[in-house]
Amino acid sequence: MEETAEHTKLWWGCAVALSAAGWRGRGAAAVGLASMAVAEVASNCVLKPVWQWRRPPKEWISHEEVHDRPDSSSFPSGHTAAGVAFSAAVAAVWPWAGAACAVPAVMVAAERVHTGAHYPSDVAVGAAIGLAAAALVHRAPRLARHWLP
């Protein structure tokens with residue numbers, strides 16, 4: 001699951017599958033991808049450079065995958081932020097599709113802790129960023145109409 005989630009491939013694949021389902025799926029895919037982009041920028045470009053947190057100690061992880069961890073800051077989990085943002089945004093447009101997307105999002109989040117790439121707090125903050133990104137993208141048209149002439 002981790003390799004599939006690298007570079008947001010999993011969520012792009014979900015967007016392609018949703019797009020094949022007609023106008024509702026295309027709308028869900030569009031807001032999902034927009035939310036994912038906002039979450040990725042917030043987590044990986046804004047917050048990770050600010051907080052240079054180390055990954056969990058290698059001694060805590062009992063399997064060989066611990067050596068494949070990234071060197072970037074542990075806080076927050078960008079994988080989790082992207083998955084939650086995509087799923088939450090899709091759910092706002094098409095609830096059952098959002099619920100289906102939430103399953104791999106939860107699996108990715110759990111795997112990030114299991115493989116030693118993140119602390120649980122990194123994943124929790126990543127999820128909060130994802131929810132905030134989805135809410136922002138969902139409200140963006142109304143905010144733009146309110147603030148723009």
TODO: Kindly give the heavy-atom pair with the smallest separation between Pro76 and Lys48, and that separation in Å.
DONE: O-NZ, 2.9 Å
Open item on the list: Measuring only between side-chain heavy atoms, which start at C-beta, is Tyr119 closer than 4.5 Å to Val113?
Closed with: no
- [ ] Report whether Val38 and Leu131 are members of the same hydrophobic cluster (ILVMFWY, side-chain heavy atoms less than 4.5 Å apart, transitive linking).
- [x] no
TODO: Measure across Ala85 and Ala39 and return the closest heavy-atom pair with its distance rounded to 0.1 Å.
DONE: CB-CB, 3.6 Å
Task: Nearest heavy atoms of Ala15 and Ala29, plus distance in Å - done: O-CB, 3.5 Å
Open item on the list: Nearest 0.5 Å, please: how far is NE2 in His79 from CD in Glu111?
Closed with: 9.0 Å
Task: Joint cluster assignment, Val31 & Trp23, ILVMFWY side-chain distance < 4.5 Å - done: no
- [ ] Give a yes or no on whether the backbone of Ser77 and the side-chain of Ser43 come within a donor-acceptor separation of less than 3.5 Å.
- [x] no
TODO: Determine whether Val106 and Val103 fall in the same hydrophobic cluster, where Ile, Leu, Val, Met, Phe, Trp and Tyr are linked whenever their side-chain heavy atoms lie under 4.5 Å apart.
DONE: no
Open item on the list: Would you say Phe86 ends up clustered with Trp96 if hydrophobic residues are merged whenever their side chains have heavy atoms under 4.5 Å apart, either directly or through other cluster members?
Closed with: yes
Open item on the list: With a 4.5 Å cut-off on side-chain heavy atoms, are Trp51 and Val125 touching?
Closed with: no
Task: Nearest heavy atoms of Val90 and Gly98, plus distance in Å - done: CG1-N, 3.5 Å
TODO: Find out if a path of hydrophobic residues (ILVMFWY) with successive side-chain heavy-atom gaps under 4.5 Å connects Val84 to Val93.
DONE: no
TODO: Quick one: which residue pairs count as a side-chain hydrogen bond (donor to acceptor under 3.5 Å, both in side chains) with a foot in residues 32-42, not counting sequence neighbours?
DONE: Glu40-Asn44
Open item on the list: So Pro104 and Trp11, do their side chains get closer than 4.5 Å, heavy atoms only?
Closed with: yes
